[in-house]
Amino acid sequence: MGKHGFLWSISCILIFILALVRFGEGVDILIFADGVSIHRSLLDGSQHHILPLNHIQKAKFVEFDPQSKQIYWSDVQTREIWRTDMCGEEQQRVYTVNATAYTYFISLALDYDARKIYWTNTGYDTIERLNFDGSGHVEIVSEQIGSPKDLEIDIDNGFLYWLDGGTRPKIERCKLDGSGRTLIFDLRDQYPSALALDVEGQTLFWNDGNDQSVWLGNTDGTGKRQLASSTVHSFPNMIGISVLDGYLYWESLVNKRIERMAKSGSPSEVEIVVKGVKDVVEVKAVKVDSSDIQCAPGAPTNIRVNDVTNTSVILTWTAGYNWGTSQRFRIDLNTSLGWRPVVSSILSSEQQQDYSRKVTDLDPNRDYQIRIKACNSAKGCNKDKFDEVLAFKTKGYPDVLLNPSLHKVANTTATLRYRLINIKQAELSSLVVLGRIHNSDWSLFTNFSSTMTDAGDIFVTVSMLKPRQKYDFLVRPCNAYGCNPRDPELLSITTLGYPDLPTGIRVVKVSNSSAEVEFSAESMNIQQDVIINILNEADLSSIEVLLTLSSTEGTQRAEIRSLQPKTEYSVTLKVCNIFGCNPKQTTPLTFVTEGVPEKPEMFKVTNKTSDSVTLTWRVTSGSMHRLHLAENNGNWSLLYSNTVGEGLQDFTYRGLEEEGVYSFRLSVCNVYGCNSQSVLTLTLSGHDVDSGGGDRGAGFLTGQQLLIIIIVGVVVGVFILIVCLILIIKCAVRNKLTKDDYMHVRGRKPAHV
């Protein structure tokens with residue numbers, strides 16, 4: 001190391017040592033309250049600062065804890081005890097008195113070794129105590145005390161002094177637990193309002209409001225004398241007197257200032273320390289280290305984010321309290337990587353309160369948090385808890401569209417709905433719409449229009465689509481900085497058109513003249529018309545029924561009327577809506593209407609005696625059977641009625657006579673009517689029986705059997721006649737040929753034929 005390097009090292013060490021010495025040197029300060037604020041200054045009134053505190057309504061009495069370097073005060077309005085550090089950054093509520101209308105603070109005293117707080121309560125005329133943490137509240141003096149106004153504590157000797165300003169003013173003391181109470185000075189001829197203790201000199205100082213003088217005396221009750229009369233200075237009613245080194249300090253309510261004078265000898269003048277302080281109510285002169293009154297600057301306020309672009313932002317702010325020192329500002333950004341400084345040093349000016357700075361080199365379309373720190377060379381930067389942190393997002397392409405949904409759809413158009421967040425920062429200028437028929441290739445759609453609401457809802461109407469076609473869509477937002485490359489959630493839609501054919505078709509509740517057709521139609525949110533065609537398979541006539549469906553949920557039914565009984569029909573369905581009709585129709589479904597029953601397959605006599613006859617018939621389905629009798633062509637009378645199932649049925653009639661005509665009519669009935677076509681007639685003449693119709697058994701022929709015999713006989717007769725004619729014609733032809741042949745042989749014509 002060279003000579004110059006050695007000298008440079010020695011110089012640095014000396015400067016560092018001097019800095020340490022200066023950093024730890026003592027300094028005397030004043031701490032005082034004005035009702036709404038807590039102040040501190042040097043003894044000469046310089047470096048006068050108001051601590052940045054909150055929640056103060058009426059602060060009056062102050063104390064200082066030299067161990068924790070904290071200021072205590074009582075708020076007589078809220079009846080609370082508070083404390084803070086020398087910079088006003090760590091404000092805490094210590095205790096809230098269980099207050100009544102009679103509770104009133106007058107003075108505080110601190111035992112910082114035992115961590116106790118003492119105060120006087122002039123509402124109840126008591127002296128009370130609690131711990132620094134707010135616990136352990138007790139009354140230590142409560143009897144024979146008039147109006148305790150001021151407390152002074154001698155920690156080294158364990159005594160508590162107070163001024164009783166009641167009807168018989170006096171100065172008393174007790175031990176710190178309230179025992180050993182002793183009268184020090186009887187001040188019945190004076191009007192004192194403030195008391196101070198010089199622990200080092202074991203001297204008490206007080207004022208007399210009667211003659212506006214200041215007095216002193218020893219703590220053992222001796223040496224009482226006047227220190228300064230009104231000829232030196234007018235000493236009105238004082239509230240707080242403080243002793244430091246060789247001076248007494250007090251507040252002057254009349255002159256709104258803090259004054260001092262020498263505490264010994266015969267002082268001849270009073271000095272003004274701090275002027276222009278409104279409502280000063282108590283002052284404390286204390287000794288601290290110079291480092292105790294060095295504070296970081298107050299955090300900047302009124303921070304605003306302006307003119308955000310895709311890569312920059314302009315910040316404005318107001319400087320906080322600088323404690324009379326120069327400060328600089330640092331701008332920090334918080335991203336996913338944490339806080340980092342982007343502007344490291346902006347010097348402040350004594351004449352400037354409002355500042356502005358542009359931050360550049362930001363990333364587009366990115367979320368940021370920003371804060372501004374105020375720093376000085378003594379304490380660094382303000383604490384983080386006082387920072388105003390603002391969030392902003394740089395511009396760029398808009399955010400991806402959210403919540404895609406189908407707003408409405410038709411056969412060739414569809415309106416898509418999206419939500420755009422951060423609408424005020426998006427500056428949306430255009431959209432890119434990509435579409436495709438489902439699962440095919442993507443293409444750029446240009447046939448669309450869009451609108452956006454103030455709330456950020458975007459409606460995109462796409463046209464020239466194909467009916468009844470499924471499409472997929474992706475919509476990307478764009479602005480002057482570009483289009484968002486990320487795809488939103490895929491939105492699939494199906495355009496409308498003519499409906500699908502109904503399904504689940506069946507015919508229910510068939511009667512002789514009507515039927516109900518049941519089916520399920522396609523679920524759509526528009527009206528549909530279902531055309532039902534009923535074709536008569538016999539004469540090919542048809543009936544059409546139009547059914548209009550406003551709702552297609554569930555099973556639909558339509559009633560078809562004016563049908564013919566016992567007739568086969570086929571039913572088909574077509575469906576239409578505002579977009580057209582489905583060109584196809586459903587597969588025909590056949591059904592047969594109901595009617596009267598068919599006549600029985602068999603109805604005949606199966607047994608006969610001289611006076612009875614047994615009739616038998618066969619039915620194919622359950623119905624009502626009724627058997628009537630008409631004798632000798634008379635009126636019909638009911639013989640038998642029954643509801644039976646399928647199979648053979650029989651009935652025996654007893655009461656035949658030897659001669660007579662007996663007609664039996666069998667009627668088969670249902671809800672639609674009766675079939676009475678089956679009639680069987682018996683003609684009795686002696687022992688001969690002639691059947692006039694019906695089926696016969698045991699020698700009897702039914703009318704159907706006789707008809708068959710007649711038809712067969714006619715057919716046979718016609719056949720025989722035709723054969724005879726054919727034979728006659730053949731014989732005639734043969735006779736003619738024979739005669740001609742003969743004449744040819746003979747060579748001449750016959751004379752006659």
Side-chain angles (χ1 to χ4, degrees), residues 52 89 296-322 327-349 352-376 379-404 418-432 452-458 475-489:
E89 294 179 337
T301 59
N302 301 322
I303 302 175
R304 297 290 183 269
V305 175
N306 306 294
D307 299 331
V308 180
T309 70
N310 60 328
T311 59
S312 65
V313 64
I314 294 179
L315 303 177
T316 60
W317 68 92
T318 300
Y321 191 61
N322 63 2
Q327 62 179 333
R328 56 184 175 83
F329 302 104
R330 188 186 77 209
I331 300 175
D332 296 344
L333 284 179
N334 187 18
T335 63
S336 58
L337 301 178
W339 288 103
R340 61 181 178 88
V342 291
V343 179
S344 59
S345 181
I346 303 173
L347 295 179
S348 65
S349 171
Q352 184 178 359
Q353 283 295 313
D354 297 323
Y355 294 83
S356 176
R357 186 63 178 261
K358 184 175 184 179
V359 179
T360 58
D361 298 327
L362 303 179
D363 295 330
N365 214 50
R366 187 169 184 179
D367 291 313
Y368 287 97
Q369 285 183 316
I370 196 164
R371 68 184 181 188
I372 302 177
K373 308 287 287 189
C375 312
N376 61 21
K379 285 290 187 177
C381 300
N382 63 272
K383 294 182 179 180
D384 291 345
K385 70 177 183 178
F386 299 113
D387 290 334
E388 287 186 19
V389 178
L390 297 184
F392 70 95
K393 186 174 184 178
T394 52
K395 294 184 178 180
Y397 47 76
D399 287 327
V400 66
L401 301 183
L402 302 178
N403 304 328
Y418 295 86
R419 170 57 66 93
L420 178 64
I421 61 174
N422 296 329
I423 182 64
K424 293 183 179 180
Q425 299 181 6
E427 296 182 357
L428 184 69
S429 61
S430 62
L431 296 172
V432 172
M452 183 168 64
T453 67
D454 294 338
D457 290 317
I458 298 177
V475 179
R476 296 172 179 167
C478 306
N479 61 11
Y481 304 109
C483 297
N484 194 316
R486 294 182 296 161
D487 289 330
E489 182 181 345

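Basis for what follows: all heavy atoms, side chains included, without hydrogens, waters or symmetry-related copies. Note that the coordinates shown come from a computational prediction; the quantities given were computed from them, not determined experimentally.
- Residues satisfying the ring-ring contact (aromatic ring centres under 6.0 Å, His included) test with Y321, not counting sequence neighbours, are H49, W323.
- Every residue was checked against the side chain to side chain donor-acceptor pair (under 3.5 Å) condition with E388, not counting sequence neighbours, and none meets it.
- When the side chain to side chain donor-acceptor pair (under 3.5 Å) test is applied to R366, the partners found at least two apart in sequence or on another chain are D363.
- Residues in residues 332-342 take part in these salt bridge (Lys or Arg N to Asp or Glu O under 4.0 Å) pairs, two or more places apart or across chains: R330-D332, D332-R371.
- Scored by the side chain to side chain donor-acceptor pair (under 3.5 Å) test, R328 finds no partners at all (sequence neighbours excluded).
- Within the structure, no pair that satisfies the salt bridge (Lys or Arg N to Asp or Glu O under 4.0 Å) test touches residues 298-315, not counting sequence neighbours.
- Contacts of N403 classified as side-chain contact (heavy atoms from CB on, under 4.5 Å), with partners at least two apart in sequence or in another chain: R419.
- In terms of the side-chain contact (heavy atoms from CB on, under 4.5 Å) criterion, residue partners of T309 (sequence neighbours excluded) are, by chain and number, T311, S312, Y481.
- With sequence neighbours left out, the side-chain contact (heavy atoms from CB on, under 4.5 Å) criterion links P297 to Q327, A374, N376.
- Residues forming a side chain to side chain donor-acceptor pair (under 3.5 Å) with N310 (at least two apart in sequence, or on another chain): none.
- Using cut-offs of 30° and 60° on the angle between ring planes, the pair F329 and W317 is perpendicular.
- Checked against ring-ring contact (aromatic ring centres under 6.0 Å, His included), Y418 has no partners two or more places apart in sequence or in another chain.
- Side-chain contact between P398 and L420 is present, with at least one heavy-atom pair separated by less than 4.5 Å.
- Every residue meeting the salt bridge (Lys or Arg N to Asp or Glu O under 4.0 Å) condition with K383, not counting sequence neighbours, appears here in chain and number order: E89, E90.
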